[in-house]
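To start, the structure under review is shown below, and the notes come after it.
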Amino acid sequence: MLTLPKYLAAAFLLGTANTALAKDETPDHVTSRLQVQVPKSLFKDGGYDHREALFGRPPYGGSIAQNIYYTDSDLCDSSLVDATTGFPSRAVDPKTGKQEPWPSPFILMADRGICSFVQKARNAQHAGAAGLIIADNVCQCNDDKCLAMEQDDKDDNASFLTNCQGTEPIMADDGSGGDITIPTFLMFKYDAAQIKKEVKDRDSTVQIEMSWALPHPDSKVEYELWTVPSEEVSKDFQKDWKDVAVKLGDKVFFHPRQYIYDGVKTRCRYEGKDMCFTLCTNEGRYCATDPDNDLEHGISGADVVREALRRICVWKYHGKDGLGMKYWDYISEFLKRCDSDDFFANEDCVRDAMKHAKIDKKQIDQCMDDTGGLEKDSNKALDDEIEEASRKGVVVLPTMFVNTAPMRGALNSQTVLNAVCAGFTEESQPSVCATCRECDDVVTCVKKGVCKKSGKSYSAGGGGGVSKKTFGTTLLLMCALFGAAGYIHWRKTREEMRDQVRGILAEYMPLEGGEDPHQSPMDFARAGQSASLIS
């Protein structure tokens, strides 16, 4: 009879979590990769299983490969983070008696626990880290190697089993992670223990590579933005993106999505009654938060839901090509004219915005009614948005997906362009990716063809070179200059040759023809080409 170890049998009873070992692709479809390059003994085919934080700004399409330093600080208090401690050891400064600080650039490793993931990442960033690896402090209940490692140190089986986790930790943004720029990975306990053993017990150097790539389904990139009309963070992006979208052309397909709260799940609809008053439409079925936190005045949640439905319909009629130029025009006009407490829900203002965007308001109003309106029990368009948001796990607004992968970091034209361009294969990238992707101001680059990098301006023709127009004009001017110089040289040489011929003729021609005693020898020479040498 085959007998299972106690820890394995118990883990089976507790249930399993979907932890795929050595996968390049994370559950959210971002093909991030974590690999040890040095020493070779820790290299793992396919990389190390890990989870990526939902904050920070990873360099899509790029990588960070640096030495890792393990800190014995919990990274919860910035004043206690000491760069002269940690492992592996460094040379000691004779003046201070302390180790030299972590040499930049470096990747920092710290243990999970005590404070939030965001707090740890922020303090690691302030300490100068290029990236952060958080070592999990609890085994997954289905990680056999980790359970065996823990069992070696445990005598009480029951006590040990309560410490394994059946679900994977999620490094979510706690709402304050907007200032985090460095990427953060969570490394599972067993793998992290091997890294710590190498740098701490053996005092050896470990080089880790963090890399990212977006899925490349084909030569066309699909991306979508989840937001609501009252959300502030993405407004500047929505104002500026139209020009960039035009440059990307038909190689991209955009889909705007509206995040609506399910009133049934949030208990705003209870026993058929609306319990949340002005926050919801359809008797509490579809809801949004109150933008100004004043239920009696200003913009209500119901106003936000109504505008969200309107934008869904605008996209339905004017976004089939994936570019939606009239959609972007409407968003721009609405933000310019109606984005205030007094005019957000004003139908006259909305009509004016649609007029300037050249959109038929009657058609949009009819669409809103056809989907179910805002008075009946349900609305098909809003139900579809709720279902899709639940399927994709959208929690934080705004959220951008590029080729099904959620985009991390601040939502602005530069980060979105970087993420979209990373979604193309190298051969299929639009020209705007090469000309404007690395510029400080993407919008200016797209509109004016001027790329600013670190305070210096270049033509957007690429990498500090000159534009085709400037090159062509310069070439023509140089050709004209050399042509004029050549012509002047030719005229001067011709005149000198004539003078020489005249001098020769003046000296020798009178010896052959002396019939006219009154003709001066110079008269014949002055005649030049008008005098014939043949009678």
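Residue numbers run from 1 in the order of the sequence given. Bear in mind the structure is a predicted one, so any value in this text is a computation, not a measurement. Computed over heavy atoms, backbone and side chain alike; hydrogens, waters and symmetry mates excluded.
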Query raised in the report: Just checking, is any N or O donor in the side chain of Q37 or Q207 under 3.5 Å from an acceptor N or O on the other one?
Result: no
Report task. Report the C-alpha distance between Y317 and Y327 in whole Å, list the side-chain angles of each, state the deciding distance to 0.1 Å, and finish with yes or no for ring-ring contact (aromatic ring centres under 6.0 Å, His included). Result -> CA-CA 9 Å; Y317 284 102; Y327 171 84; over 10 Å; no
Query raised in the report: Who passes salt bridge (Lys or Arg N to Asp or Glu O under 4.0 Å) against K197, sequence neighbours left out?
Result: none
Query - Minimum heavy-atom distance I182-A121, with the two atoms named - result: CD1-O, 3.7 Å
Query - Distance, nearest 0.5 Å, that separates CG of D49 from NZ of K44 - result: 7.5 Å
Query raised in the report: Is the side chain of D290 donor-acceptor paired with the backbone N or O of L279 at a distance under 3.5 Å, no angle test?
Result: no
Report task. Write out all pairs satisfying salt bridge (Lys or Arg N to Asp or Glu O under 4.0 Å) with one or both partners inside residues 62-87, taking only residues at least two apart or from two chains. Result -> none
Query raised in the report: Heavy atoms, side chains only, cut-off 4.5 Å: are K120 and C115 in contact?
Result: yes
Query raised in the report: Within a reach of under 6.0 Å around CG of D250, are more than 12 heavy atoms found that belong to other residues, nucleotides or ligands?
Result: no
Query raised in the report: Taking C-beta and beyond as the side chain, do S176 and R122 meet within less than 4.5 Å on heavy atoms?
Result: yes
Requested in this report: Verify the neighbour count for atom CD of E209: are there more than 12 heavy atoms of other residues, nucleotides or ligands below 6.0 Å?
Outcome: yes
**Report entry** Under 3.5 Å side-chain donor-acceptor pair for Y190 and D136
**Finding:** no
Query - Straight-line distance of E333 CD to I331 CD1, nearest 0.5 Å - result: 11.0 Å
Query raised in the report: Side chains of N412 and T415: do they bring a donor and an acceptor to under 3.5 Å?
Result: yes
Report task. Would you mind checking if D329 and K326 are paired as a salt bridge, meaning a charged N to carboxylate O distance below 4.0 Å? Result -> no
**Report entry** Derivation of the side-chain contact (heavy atoms from CB on, under 4.5 Å) call for L108 and L75
**Finding:** CA-CA 10 Å; L108 198 60; L75 291 183; 4.1 Å; yes
**Report entry** Test item: S428 side-chain N/O and F424 main-chain N/O as donor-acceptor pair under 3.5 Å
**Finding:** no
**Report entry** Residue pair K220 / V252: nearest heavy atoms and the distance that separates them
**Finding:** CE-O, 3.7 Å
Query - Close side-chain approach of L225 to L411, heavy-atom, < 4.5 Å - result: yes
Query raised in the report: Between atom SG of C313 and atom NE2 of H318, what is the distance when rounded to the nearest 0.5 Å?
Result: 10.5 Å
Report summary line: In terms of heavy-atom contacts, D111 and Y70 come closest through OD2-OH, 2.6 Å
Report summary line: Of E387, E385, E231, the one forming a salt bridge (Lys or Arg N to Asp or Glu O under 4.0 Å) with R257 is E385
**Report entry** For N67, all residues meeting side chain to side chain donor-acceptor pair (under 3.5 Å), sequence neighbours excluded
**Finding:** none
Query - NZ/K247: more than 12 non-hydrogen atoms of other groups inside 6.0 Å - result: no
**Report entry** Whether R90 side chain and P103 backbone form a donor-acceptor pair below 3.5 Å
**Finding:** no
Query raised in the report: Do you know which two heavy atoms are closest between V221 and V420, and how far apart they sit?
Result: CG2-O, 3.7 Å
Query raised in the report: What's the verdict on disulfide (SG to SG under 2.5 Å) for C436 and C451, showing C-alpha distance, side-chain angles and the deciding distance?
Result: CA-CA 7 Å; C436 298; C451 178; over 6 Å; no
Requested in this report: Find out whether T71 and V81 are in side-chain contact, i.e. whether some heavy atom of one side chain is under 4.5 Å from a heavy atom of the other.
Outcome: no
**Report entry** Residue K145 excluded, over 12 heavy atoms near NZ under 6.0 Å
**Finding:** no
Requested in this report: Give a yes or no on whether the backbone of C421 and the side-chain of N418 come within a donor-acceptor separation of less than 3.5 Å.
Outcome: no
Query raised in the report: Between CG of N142 and SG of C164, what distance do you get to the nearest 0.5 Å?
Result: 9.0 Å
**Report entry** Closest approach of V228 to Q258 (non-hydrogen atoms, all atoms of both residues)
**Finding:** CA-OE1, 3.7 Å
Report task. Look at the side chain of Q140 and the backbone N and O of F188, then say whether any donor-acceptor pair between them is shorter than 3.5 Å. Result -> no
Query - N/O donor-acceptor pair under 3.5 Å between D173 side chain and L54 backbone - result: no
Query raised in the report: What distance do T371 atom OG1 and I312 atom CD1 have between them, rounded to the nearest 0.5 Å?
Result: 8.0 Å
Query raised in the report: Are D143 and K189 side-chain neighbours, meaning at least one heavy-atom pair lies under 4.5 Å?
Result: no
Query raised in the report: So which heavy atom on M171 is nearest to which on F185, and how close?
Result: CE-C, 3.5 Å
Query raised in the report: Any sub-3.5 Å donor-acceptor pair from N403's side-chain atoms to A405's backbone N or O?
Result: no
Query raised in the report: Any salt bridge between K447 and D243, counting N to O under 4.0 Å?
Result: yes
**Report entry** NZ or CZ of R311 within 45° of F334 ring axis and under 6.0 Å
**Finding:** yes
Query raised in the report: Any side-chain heavy atom of P406 within less than 4.5 Å of one from F401?
Result: yes
Query raised in the report: For Y259, what residues pass the ring pair (Phe, Tyr, Trp, His ring centres under 6.0 Å) criterion, not counting sequence neighbours?
Result: Y261
Query raised in the report: Side chains of M400 and F237: closer than 4.5 Å at any heavy-atom pair?
Result: yes
Requested in this report: For P39, check side-chain contact (heavy atoms from CB on, under 4.5 Å) against everything at least two apart and list the hits.
Outcome: V36, S41, L42, E198, V206
Query raised in the report: By ring pair (Phe, Tyr, Trp, His ring centres under 6.0 Å), which residues pair with F87, not counting sequence neighbours?
Result: none
Query raised in the report: T266 side chain to D262 main-chain N or O, any donor-acceptor pair under 3.5 Å?
Result: yes
Report task. Give the intermediate values and the outcome of side-chain contact (heavy atoms from CB on, under 4.5 Å) for residues L397 and W226. Result -> CA-CA 7 Å; L397 295 181; W226 284 90; 4.2 Å; yes
**Report entry** Test side-chain contact (heavy atoms from CB on, under 4.5 Å) applied to S32 and M210, step by step
**Finding:** CA-CA 7 Å; S32 59; M210 307 166 74; over 6 Å; no
Query raised in the report: If you measure from CD1 on I260 to CG on L382, what distance do you get to the nearest 0.5 Å?
Result: 5.5 Å
**Report entry** Derivation of the side-chain contact (heavy atoms from CB on, under 4.5 Å) call for L248 and W241
**Finding:** CA-CA 11 Å; L248 289 169; W241 187 249; 3.8 Å; yes
Requested in this report: Examine distances only and state if a side-chain atom of Q35 and a backbone atom of S211 form a donor-acceptor pair shorter than 3.5 Å.
Outcome: no
Requested in this report: Answer whether the closest heavy-atom distance between the side chains of M109 and K196 falls below 4.5 Å.
Outcome: yes
